[in-house]
Amino acid sequence: MPKMPCPNCGSSEEFEPLRDDKEKAHVREHKPKWTRLNAYYRCSRGSCRRFQRLGDVNDGDSFPEPEK
């Protein structure tokens, strides 16, 4: 897994591919049509919700909090 700076955690963390179709749908909804979903990774730290493009800390956001 690649290690990148995570703005949410404030440290360098390991990132993993998007986990499921729900995460992919969220990224697709917030990025242009031509975006390659396999270029986006999510922070693997337990409670972090950050996703970002591999190699670009500025191209990312956070997933919404899970519904309770």
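Below, each value reflects all heavy atoms present in this structure, side chains not excepted, and no hydrogens, waters or symmetry copies.
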Practice problem: Looking only at non-hydrogen atoms, find the nearest pair between Leu37 and Leu18 and report the distance. | Solution: O-CD1, 4.0 Å
Self-check item: Closest non-hydrogen atom pair, His26 against Pro64
Solution: CE1-CD, 3.4 Å
Self-check item: Arg53/Asn58 under side chain to side chain contact (heavy atoms under 4.5 Å, CB included): CA gap, chis, key distance, verdict
Solution: CA-CA 8 Å; Arg53 191 162 46 105; Asn58 298 312; over 6 Å; no
Quiz item: So which heavy atom on Pro5 is nearest to which on Val57, and how close?
Solution: O-CG2, 3.8 Å
Exercise. Measure the CD-CZ distance between Glu23 and Arg28 for me, rounded to the nearest 0.5 Å.
Key: 14.5 Å
Self-check item: Lys/Arg N to Asp/Glu carboxylate O, Glu14 vs Lys3, below 4.0 Å
Solution: no
Self-check item: Ionic contact status for Asp59 with Lys31, cut-off 4.0 Å
Solution: yes
Practice problem: Tell me whether Tyr40 is reachable from Leu54 by hopping between hydrophobic residues (I, L, V, M, F, W, Y) whose side-chain heavy atoms are closer than 4.5 Å. | Solution: no
Quiz prompt | Separation of Ser47 OG from Arg45 CZ (nearest 0.5 Å) | solution = 7.0 Å
Quiz item: Which word best sums up how the rings of Phe51 and Phe63 line up, parallel for under 30°, tilted for 30 to 60°, or perpendicular for over 60°?
Solution: tilted
Quiz item: Can you find a pair of side-chain heavy atoms, one from Asn8 and one from Cys43, that are under 4.5 Å apart?
Solution: no
Exercise. Apply the test side chain to side chain contact (heavy atoms under 4.5 Å, CB included) to residues Arg42 and Arg19: give CA-CA distance (whole Å), side-chain angles for both, the deciding distance (0.1 Å), then the verdict.
Key: CA-CA 8 Å; Arg42 65 167 293 134; Arg19 294 179 183 162; 3.4 Å; yes
Quiz item: Looking at CD of Gln52 and OH of Tyr41, how far apart are the two atoms once the value is rounded to the nearest 0.5 Å?
Solution: 11.5 Å
Quiz item: CD of Glu13 to SG of Cys6: how many Å apart, nearest 0.5 Å?
Solution: 6.0 Å
Practice problem: Look up atom CZ in Arg49 and atom CG in Asp61, then write down how far apart they are to the nearest 0.5 Å. | Solution: 11.5 Å
Practice problem: Could you tell me whether Asp21 atom CG has more than 12 heavy atoms of other residues or ligands within 6.0 Å of it? | Solution: no
